[in-house]
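One structure below.
Atom set for the values below is all heavy atoms of this structure, side chains included, hydrogens, waters and symmetry mates excluded.
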Amino acid sequence: MKSTHCLRGIATYFVFVSSLLPSLGAAAGADTTTSTATNTNVLSSVDAAIIREMGLPECLDTALKSNHRRPASRFAVAMAEAQHRQALSAYWPQVTAKVAFQRMDEPPNFLFPASAMVIPAQTVSVPGGAAVVTIPANAFAPGFPPANIQMPVNYPDQTISTPNQVFPVPEQNVELMDVNTALGTVNATWLLWDGGMRRGLREQAQGAIDVAKEESRRTDLEITDSVRRMYYGAILARQLHQLGRDTLDRMGATLSLTETMYKEGAGKVTKADYLDNRIMVETLRSAVAQLAQNEQMAQAALAFTMGLSWNASVKPIDAEVPYQPTQQGLDGLVNSTYQFSPDWGKLEAGLRALEGALRTARSGHYPKLALTGELHGWWNERDTGLGSQDNRYGWTVGVGMEIPLFDGFLTRGRVEEARARLSKVKEEKFLLKEGLGLQVRDLFLKLRANEASHQATLDAMTSAVENRDLNTRAYQNELVDTEKVIRAQLMEALMTVQHLKVRYDHFAIQSQLEVVVGNEVVRQLTAVPEKK
């Protein structure tokens, strides 16, 4: 009975370790639907799966090209760069042209009302005098006078009087222009001084670009980490499946030997031993079937993480999970984190953006100076009234200044808000610094503990293999009981599973540590450049 419970525990442990593999990639940054979607695809369409054998570099290259999270992060960078160009546009003159045609229901007019012109009575005195008058020839009749005659004329003093008079002026309706008018204007505005507003906007936009780039780099880190975990997780699933089949083969051989010894032996092996052994073999056979399904699920999950089709599966070409003890110390890892971590880079970029926001808010206290200009022209069929040649074309040039006098303390409030937000993020910088250091330290300690467990489980696995071999040979000579040889076989499987799991956990912790530190993606992208 003890052996039966032990076998069930081993089988359960096999299945549990293998079932964790898809969720490891999701925890590392893959989509949360990986495990569910992959499990459904494998169970429903195993026969339709497209299996491809790929190495880790090829898997990473495919993931960086096909994973949909990466283009999304790249579009975020493109948006930030476009916003930066919008901020830089304020340094250039803003020139706009407008062309319009309008038709009025009636021509505009100017109505002069009816009026009266009053001329008062006047008296004009003309003093007397003499004047020389020239009578031209033939003035009175042909030949008379025969030639021009100049003769003096005297006139007396005269007084001319006119009475008071009133002249009425009727109402006049003057049309200013025709009903159809075409308009064209070109306006230019050049901001000469803004009190630091444009510089602040530029710093905010540049900070947003840096934040988007750090977020994109973090996405690449998470994709790389997810693919690596899922890749070696598929290898672990295959190793567990192979271990289960090997254990089943050995248990099957032991069952055959037990049956022979029970039927033909000296009676030391009983029928109860044979039945217990058979129950264990059949239970293990069920566990191996579950391990086979888990291997297929892990391969499909790897393909899903890489961004391949739903019916694709990727079979790793590597044979085992690599094991390389960490050489770098804790202080070096923490210092590298402050240099390469995308979270730290995002915080630094955010501080620069907030400093630009503070500068923009402060610009509200200063005047703004701008140079303006306009060219205008309009065309109308009427050339009188407003349609004269002088009014149709023209230009204006001016300098304008906007001076803030009082805005109800609005600018002051904006400056205080921007300063408080900047101070808040500066305080959070200390928290992030300590938090990153603590996170790296936690992963580093886990890594050290795992390395110690690696050696211990390796020694235990080696001893379990020797113990199983010794008990198997002794059992063939009827020197040990059936329960003992079965326990030895199960213990070998258990120690092997534990060692493989520790080996995978060591790699997973290393991969997670490289994501936190932030320098793994540089190495991966350098080693596996994208194909064009």
Fill in: Heavy-atom side-chain contact between Val334 and Asp331 under 4.5 Å
no

Worksheet item: Are Leu176 and Asn109 close enough that some pair of their side-chain heavy atoms sits under 4.5 Å apart?
Response: no

Per-pair distances, 0.1 Å, donor-acceptor, side chain in residues 116-125, under 3.5 Å, sequence neighbours excluded:
{"unit_1": "Thr123", "atom_1": "OG1", "unit_2": "Ser161", "atom_2": "OG", "d": "3.3"}

Fill in: Of Asn391, Asn180, Thr181, the residue whose pairing with Asn380 passes side-chain hydrogen bond (donor to acceptor under 3.5 Å, both in side chains)
Thr181

Worksheet item: Would you say Ser363's side chain and Thr360's backbone share a donor-acceptor pair under 3.5 angstrom?
Response: yes

Discussion item. Nearest 0.5 Å, please: how far is CD1 in Ile317 from CZ in Arg52?
Written reply: 12.5 Å

Fill in: Whether Gln94 side chain and Ser89 backbone form a donor-acceptor pair below 3.5 Å
yes

Worksheet item: Shortest non-hydrogen contact from Ala63 to Ile223?
Response: CB-CG2, 3.9 Å

Worksheet item: How are the rings of Trp344 and Tyr338 set relative to one another: parallel (under 30°), tilted (30 to 60°) or perpendicular (over 60°)?
Response: tilted

Discussion item. Tell me if the CH2 atom of Trp379 is crowded by more than 12 foreign heavy atoms within 6.0 Å.
Written reply: yes

Worksheet entry | Over 12 non-hydrogen atoms of neighbours within 6.0 angstrom of CZ in Arg202 | yes

Fill in: Value rounded to 0.5 Å, distance of NZ in Lys368 from CE in Met197
5.5 Å

Fill in: Arg198 NZ/CZ over Tyr91 ring centroid, <6.0 Å and within 45° of normal
yes

Practice prompt. Count the heavy atoms of every other residue, nucleotide or ligand shown that sit under 6.0 Å from OH of Tyr393, and state whether that count exceeds 12.
Written response: yes

Worksheet item: For Glu222, which of Arg228, Arg217, Arg229, Arg69 qualifies under salt bridge (Lys or Arg N to Asp or Glu O under 4.0 Å)?
Response: Arg69

Worksheet item: Near Tyr366 OH, under 6.0 Å, is it more than 12 heavy atoms from other residues, nucleotides or ligands?
Response: no

Worksheet, complete the sentence: Heavy-atom closest pair (Gly329 atom, Phe444 atom, distance to 0.1 Å) is C-CE1, 4.2 Å

Discussion item. Under the criterion side chain to side chain contact (heavy atoms under 4.5 Å, CB included), I'd like the reasoning laid out for Val314 against Leu308: C-alpha separation, chi angles, the key distance, then a yes or no.
Written reply: CA-CA 9 Å; Val314 176; Leu308 299 181; 3.7 Å; yes

Item to complete: Of all the heavy-atom pairs spanning Val515 and Pro342, show the shortest one and how long it is.
Response: O-CD, 4.3 Å

Worksheet item: Got a second to check how far Leu432's CG is from Glu427's CD, nearest 0.5 Å?
Response: 13.0 Å

Worksheet item: Salt bridge or not for Arg352 and Glu203, using N-O below 4.0 Å?
Response: no

Worksheet item: Is a side-chain donor or acceptor of Thr62 paired with a backbone partner of Glu58 at a separation under 3.5 angstrom?
Response: yes

Discussion item. Is it true that, when you exclude Phe101 itself, more than 12 heavy atoms of the residues, nucleotides or ligands shown sit nearer than 6.0 Å to its CZ?
Written reply: yes

Item to complete: Could you check Val415 against His365 for side chain to side chain contact (heavy atoms under 4.5 Å, CB included), going step by step and ending with a plain yes or no?
Response: CA-CA 10 Å; Val415 172; His365 290 301; 4.1 Å; yes

Worksheet, complete the sentence: Separation between NZ (Lys346) and CG (Asp210), nearest 0.5 Å, reads 12.5 Å

Discussion item. Using 0.5 Å steps for rounding, measure from the CG atom of Asp220 to the OG1 atom of Thr224.
Written reply: 6.0 Å

Worksheet, complete the sentence: Sorted by chain and residue number, the side chain to side chain donor-acceptor pair (under 3.5 Å) partners of Thr372 (sequence neighbours excluded) come out as none

Discussion item. Is the shortest side-chain heavy-atom distance between Val179 and Asp105 below 4.5 Å?
Written reply: no

Worksheet entry | Met79, CE: over 12 other non-hydrogen atoms inside 6.0 angstrom | no

Worksheet, complete the sentence: Looking only at heavy atoms, the pair that brings Met54 and Met306 closest together is CE-CE, 3.7 Å

Discussion item. Given 3.5 Å as the limit, does a donor-acceptor pair link the side chain of Asn67 with the main chain of Thr305, or not?
Written reply: yes

Worksheet item: Between Ser216 (side chain) and Ala212 (backbone), is there a donor-acceptor pair under 3.5 Å?
Response: no

Worksheet item: Under 3.5 Å, side chain of Arg70 to main-chain N/O of Leu64, donor-acceptor pair present?
Response: yes

Fill in: Over 12 non-hydrogen atoms of neighbours within 6.0 angstrom of NZ in Lys446
no

Item to complete: Provide the closest heavy-atom pair for Ala237 versus Glu295 in the form atom of the first, atom of the second, distance.
Response: CB-CA, 3.9 Å

Worksheet item: Yes or no on side chain to side chain contact (heavy atoms under 4.5 Å, CB included) for Ser341 and Leu436, after CA distance, side-chain angles and deciding distance?
Response: CA-CA 9 Å; Ser341 173; Leu436 287 175; 4.1 Å; yes

Discussion item. Keeping Asp442 on the side-chain end and Leu438 on the backbone end, is there a donor-acceptor pair under 3.5 Å?
Written reply: no

Worksheet entry | Other residues, nucleotides, ligands: >12 heavy atoms within 6.0 Å of Arg392 CZ | yes

Item to complete: Find the distance between CG (Leu56) and OH (Tyr232) and round it off to the nearest 0.5 Å.
Response: 4.5 Å

Donor-acceptor pairs are to be reported for all side-chain atoms of residues 398-413 against protein atoms at under 3.5 Å, with residues two or more places apart or in another chain.
{"unit_1": "Asp407", "atom_1": "OD1", "unit_2": "Phe409", "atom_2": "N", "d": "3.2"}
{"unit_1": "Asp407", "atom_1": "OD1", "unit_2": "Leu410", "atom_2": "N", "d": "3.3"}
{"unit_1": "Asp407", "atom_1": "OD2", "unit_2": "Thr411", "atom_2": "N", "d": "3.0"}
{"unit_1": "Asp407", "atom_1": "OD2", "unit_2": "Thr411", "atom_2": "OG1", "d": "2.5"}
{"unit_1": "Arg412", "atom_1": "NE", "unit_2": "Glu416", "atom_2": "OE2", "d": "3.4"}

Worksheet item: Would you say the side-chain atoms of His84 pair up with the backbone N or O of Gln206, donor to acceptor, closer than 3.5 Å?
Response: no

Item to complete: Identify which one of Lys429, Lys433, Arg218 satisfies the salt bridge (Lys or Arg N to Asp or Glu O under 4.0 Å) criterion when paired with Asp343.
Response: Arg218

Item to complete: Applying side chain to side chain contact (heavy atoms under 4.5 Å, CB included), run through Leu443 and Leu447 and close with a yes or a no.
Response: CA-CA 6 Å; Leu443 294 174; Leu447 202 60; over 6 Å; no

Worksheet, complete the sentence: In terms of heavy-atom contacts, Pro136 and Asn148 come closest through CA-OD1, 3.0 Å

